[in-house]
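What follows is a single structure, written as structure tokens, with notes after it.
Because the structure is predicted, anything quoted here is derived from the model rather than measured. Heavy-atom basis, side chains included; hydrogens, waters and symmetry copies ignored.
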Amino acid sequence: MALLTTLGLTLGLTSTPPGLTVPNLGPAALAFNFIFAYGLLSSRTLKQYYGIDHNVSPREDIAKYGDAAVQSGKISKKTLDIIKRNESAHANAVENYALLVGAVAMATVAGVQRVSINRAVVLYTLARTACRTSEECAGGWAIYAA
């Protein structure tokens with residue numbers, strides 16, 4: 001029960017037990033989401049794996065060389081679409097990371113209850129992770145089987 005209370009997942013059905021100090025999980029969530037947004041969602045690894053990474057202009061790899069890689073048989077159209085969706089998911093995560101940092105910082109400074117902050121960052125992280133792993137949003141883990 002203490003873990004659910006810490007994560008803010010009791011939905012207010014129970015109060016924090018006396019003597020239990022709920023930690024602020026905001027900093028840990030920020031660290032995880034930073035690594036997730038800037039590291040795990042980066043499309044650079046996928047482009048290197050498929051041999052279409054060009055360090056001269058990495059932001060334009062797919063636009064410049066994606067169709068040529070499909071035509072040459074280096075990758076399939078489905079794989080190219082998955083890499084495009086992954087780039088979009090990466091850009092979205094990076095753009096929203098600053099908002100998450102601001103929200104967690106402002107909530108902490110404003111004295112919002114730690115349980116509420118924890119609930120918000122857990123739900124954000126779960127939603128971000130679910131979006132990344134779903135087939136519709138970012139190609140899911142099917143990228144590694146392609």
Min side-chain heavy-atom separation [X]-[Y] under 4.5 Å:
X	Y	result
I52	I83	yes
Y97	F36	no
N96	L100	no

Over 12 foreign heavy atoms within 6.0 Å of CD, Q113: no
Linked, directly or transitively: V70 and Y50 (ILVMFWY side chains, under 4.5 Å): yes
Sidechain-backbone polar pair: [X] side chain, [Y] backbone, donor-acceptor under 3.5 Å:
X	Y	answer
R114	V22	yes
N86	L41	yes
K84	I62	no

Check side chain to side chain contact (heavy atoms under 4.5 Å, CB included) between [X] and all other residues, then give those that pass, not counting sequence neighbours.
X	answer
D67	L80
S42	R44, H90
T108	N24, V104, I117

Salt bridge (Lys or Arg N to Asp or Glu O under 4.0 Å) between D81 and K77, worked out: CA-CA 6 Å; D81 291 341; K77 176 72 171 140; 3.3 Å; yes
Salt bridge (charged side-chain N to carboxylate O under 4.0 Å, His left out) contacts touching residues 94-107 (sequence neighbours left out): none
Shortest non-hydrogen contact between D61 and D53, atoms and distance: OD2-OD1, 3.3 Å
Within residues 56-75 or reaching into it, pairs that qualify as ring-ring contact (aromatic ring centres under 6.0 Å, His included) - sequence neighbours excluded: H54-Y65
Pairs meeting criterion ring-ring contact (aromatic ring centres under 6.0 Å, His included) with involvement of residues 111-130, two or more places apart: none
Point-to-point distance, once rounded to the nearest 0.5 Å, from CG of N92 to CZ of R85: 14.5 Å
